[in-house]
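Every value quoted in this text rests on a predicted model; they were computed, and no experiment measured them.
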Amino acid sequence: MTWKIAKENIRLKFYAYFTKRLGLQKYRRGWLKGDCPSCGKHNKFGVNISQDRTNCFVCGYNDKPEDVICKLEKLDTFQDLRAYLNDYD
């Protein structure tokens, strides 16, 4: 598998995680919008997977998407993250 295909596969799994597990909805310009996992404010958290960014417009939480998943699911390594994301096809 080429790097480009592998990277796109990871993006699709991130998208599936954020929409299925966290319930984020499509917003605009590539952003997903939903409740902040840090402060809990309704519809104030955004994720842009293609830009590798997240942001809460209330508390300022802004980890990278993979770091958000690792913190929420208590994962330590990238291998753990990849194994976990295999459930989100």
- Message: To the nearest 0.5 Å, what is the distance between CG on Asn43 and NZ on Lys33?
- Response: 5.0 Å

- Task: Supply the atom-to-atom distance Asn9 CG to Arg82 CZ, rounded to the nearest 0.5 angstrom.
- Result: 8.5 Å

- Query: Does Trp31 belong to the same Ile/Leu/Val/Met/Phe/Trp/Tyr cluster as Leu24, with side-chain heavy atoms less than 4.5 Å apart forming each link?
  - Reply: no

- Is it true that Leu22 and Phe14 fall in one hydrophobic cluster, defined by side-chain heavy atoms closer than 4.5 Å? yes

- Could you tell me which non-hydrogen atom of Cys36 sits nearest to which non-hydrogen atom of Phe45, and how far apart they are? CA-CB, 3.4 Å

- Query: Do Phe78 and Glu66 have side-chain heavy atoms sitting under 4.5 Å apart?
  - Reply: no

- Query: Say you draw a straight line from OH of Tyr15 to NZ of Lys26; how long is it, rounded to the nearest 0.5 Å?
  - Reply: 4.0 Å

- Item | Close side-chain approach of Tyr61 and Asn55, heavy atoms under 4.5 Å | no

- Check the pair Tyr27 / Leu32 against side chain to side chain contact (heavy atoms under 4.5 Å, CB included), numbers first and verdict last. CA-CA 5 Å; Tyr27 187 52; Leu32 300 171; over 6 Å; no

- What are the two closest non-hydrogen atoms of Pro65 and Asp52, and how far apart are they? CD-OD1, 3.2 Å

- Query: When rounded to the nearest 0.5 angstrom, what is the spacing between OG in Ser38 and CG in Asn62?
  - Reply: 10.0 Å

- Query: Quick one: do Asp35 and Lys41 make a salt bridge, cutoff under 4.0 Å?
  - Reply: no

- Item | Separation between OG1 of Thr54 and CG of Asn48, rounded to the nearest 0.5 Å | 10.0 Å

- Item | Spacing of CZ belonging to Arg53 relative to OG belonging to Ser50, to within rounding of 0.5 Å | 10.0 Å

- Note on the structure: Joining Ile, Leu, Val, Met, Phe, Trp and Tyr whenever any side-chain heavy atoms lie under 4.5 Å apart, the cluster holding Phe57 also takes in none

- Task: Apply side chain to side chain contact (heavy atoms under 4.5 Å, CB included) to the pair Leu81 and Glu73, showing each step before the final yes or no.
- Result: CA-CA 9 Å; Leu81 175 63; Glu73 305 303 332; over 6 Å; no

